[in-house]
Colleague: 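Dumping the structure here so I can ask a few things about it.
The model shown is predicted, which means the values in this text are computed figures rather than measured ones. Atoms considered below: every heavy atom in the structure, side chains included; atoms not considered: hydrogens, waters and symmetry mates.
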Amino acid sequence: MEKKNNRLALVVPCYNEEEVLAQTTKCLSSLINEMINEGVVSPNSFILYVNDGSKDSTWSLICKYHSENEFVRGVNLSANVGHQNALWAGLSVAKDYADIIVSIDADLQDD
């Protein structure tokens, strides 16, 4: 990935999130589109889902959304390492590709 000015990365740690991932992807993609249209962030902005060793279909959904949605990227951790470590992994990846990084939980309960 090429680094761009004002490229936003939304880092989303995920553990067994199959029930909310479709709605989360829809909401975050819409938000990124809105910010792109307003000229606030680069069109190369993205959502970085970090699968924290989920036991459900979270990773396969991330792969599916990646193939359907230009904003979706994913990191698949080999085992459950906990929310903070999954967040750290996502931030460590995103820092190389984004100028702006924001983290949010997959259920979008916190603004």
Colleague: Same cluster or not: M35 versus I47, using hydrophobic residues (I, L, V, M, F, W, Y) connected whenever any side-chain heavy atoms lie under 4.5 Å apart?
Modeller: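 Yes, M35 connects to I47 through the hydrophobic network.
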Colleague: Return a table of donor-acceptor pairs under 3.5 angstrom between the side chains of residues 55-62 and protein atoms on other chains or two or more places apart.
Modeller:
{"residue": "D56", "atom": "OD1", "partner": "T58", "partner atom": "N", "Å": "3.0"}
{"residue": "D56", "atom": "OD1", "partner": "T58", "partner atom": "OG1", "Å": "2.6"}
{"residue": "D56", "atom": "OD2", "partner": "E17", "partner atom": "N", "Å": "3.4"}
{"residue": "D56", "atom": "OD2", "partner": "E18", "partner atom": "N", "Å": "3.2"}
{"residue": "D56", "atom": "OD2", "partner": "T58", "partner atom": "OG1", "Å": "3.4"}
{"residue": "S57", "atom": "OG", "partner": "E18", "partner atom": "OE1", "Å": "2.6"}
{"residue": "T58", "atom": "OG1", "partner": "E17", "partner atom": "N", "Å": "2.8"}
{"residue": "T58", "atom": "OG1", "partner": "E18", "partner atom": "N", "Å": "3.4"}
{"residue": "S60", "atom": "OG", "partner": "S57", "partner atom": "O", "Å": "2.9"}

Colleague: As an exercise, state the distance from CG of N37 to CD1 of I32, rounded to the nearest 0.5 Å.
Modeller: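 It is 12.0 Å, given to the nearest 0.5 Å.
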Colleague: Take L77 and V50 through the test side-chain contact (heavy atoms from CB on, under 4.5 Å) and record every step on the way to the result.
Modeller: CA-CA 7 Å; L77 302 179; V50 181; 3.9 Å; yes
Colleague: If you group Ile, Leu, Val, Met, Phe, Trp and Tyr by side-chain heavy-atom gaps below 4.5 Å, do L21 and L31 land in one group?
Modeller: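 As far as the 4.5 Å side-chain criterion goes, L31 and L21 are connected within one cluster.
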Colleague: How close do E70 and R73 get, heavy atom to heavy atom, and via which atoms?
Modeller: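 Where E70 meets R73 most closely, the heavy atoms are O-NH1, 2.7 Å.
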Colleague: Rounded at 0.5 Å granularity, tell me how far OG in S42 sits from CG in L8.
Modeller: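 Answer rounded to 0.5 Å: 9.5 Å.
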Colleague: Could you work out, with salt bridge (charged side-chain N to carboxylate O under 4.0 Å, His left out) as the rule, every residue matching E68, not counting sequence neighbours?
Modeller: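 E68 satisfies salt bridge (charged side-chain N to carboxylate O under 4.0 Å, His left out) with K64 once adjacent residues are dropped.
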Colleague: Only distances under 3.5 Å count here; give the side-chain donor-acceptor pairs of residues 81-93 to other protein atoms, sequence neighbours excluded, each with its distance to 0.1 Å.
Modeller:
{"residue": "H83", "atom": "NE2", "partner": "D105", "partner atom": "OD1", "Å": "3.0"}
{"residue": "N85", "atom": "ND2", "partner": "V81", "partner atom": "O", "Å": "2.9"}
{"residue": "S92", "atom": "OG", "partner": "W88", "partner atom": "O", "Å": "2.8"}

Colleague: Write down the atom of A98, the atom of I101, and the distance for their closest heavy-atom approach.
Modeller: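 Minimum heavy-atom contact is CB-CG1, 4.1 Å.
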Colleague: Considering only heavy atoms from C-beta outward, does the side chain of F71 approach that of N33 to under 4.5 Å?
Modeller: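 In contact.
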Colleague: Supply the atom-to-atom distance N6 CG to S45 OG, rounded to the nearest 0.5 angstrom.
Modeller: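 Rounded to the nearest 0.5 Å, the CG-OG separation comes out at 8.0 Å.
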Colleague: Any heavy-atom pair between the side chains of R7 and F46 that's under 4.5 Å?
Modeller: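 A side-chain contact under 4.5 Å exists here.
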Colleague: Looking only at heavy atoms, which two atoms of P13 and A106 are closest? And how far apart?
Modeller: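 Where P13 meets A106 most closely, the heavy atoms are O-CB, 3.8 Å.
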Colleague: Got a sec, which residues hit side chain to side chain contact (heavy atoms under 4.5 Å, CB included) with E19, two or more places apart in sequence or on another chain?
Modeller: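 Partners of E19 by the side chain to side chain contact (heavy atoms under 4.5 Å, CB included) criterion come out as none, since no residue qualifies.
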Colleague: Does Y15 share a hydrophobic cluster with L48, counting links as ILVMFWY side-chain heavy atoms below 4.5 Å and allowing steps through other members?
Modeller: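 Y15 and L48: separate clusters.
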Colleague: Same cluster or not: are V20 and Y65 linked, directly or through other Ile, Leu, Val, Met, Phe, Trp or Tyr residues, by side-chain heavy atoms under 4.5 angstrom apart?
Modeller: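 Different clusters.
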Colleague: Applying side-chain hydrogen bond (donor to acceptor under 3.5 Å, both in side chains), which residue pairs with at least one partner in residues 21-31 are found, sequence neighbours left out?
Modeller: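 Residue pairs with at least one partner in residues 21-31: T25-Y49, S29-N69.
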Colleague: For residues V11 and V102, determine if any side-chain heavy atom of one lies less than 4.5 Å from a side-chain heavy atom of the other.
Modeller: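 SC-SC contact between V11 and V102 ruled out.
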Colleague: By side chain to side chain donor-acceptor pair (under 3.5 Å), which residues pair with D52, not counting sequence neighbours?
Modeller: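 Side chain to side chain donor-acceptor pair (under 3.5 Å) check on D52 returns N80.
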Colleague: D99 vs V41, test: side-chain contact (heavy atoms from CB on, under 4.5 Å). Steps then yes/no.
Modeller: CA-CA 10 Å; D99 304 298; V41 299; over 6 Å; no
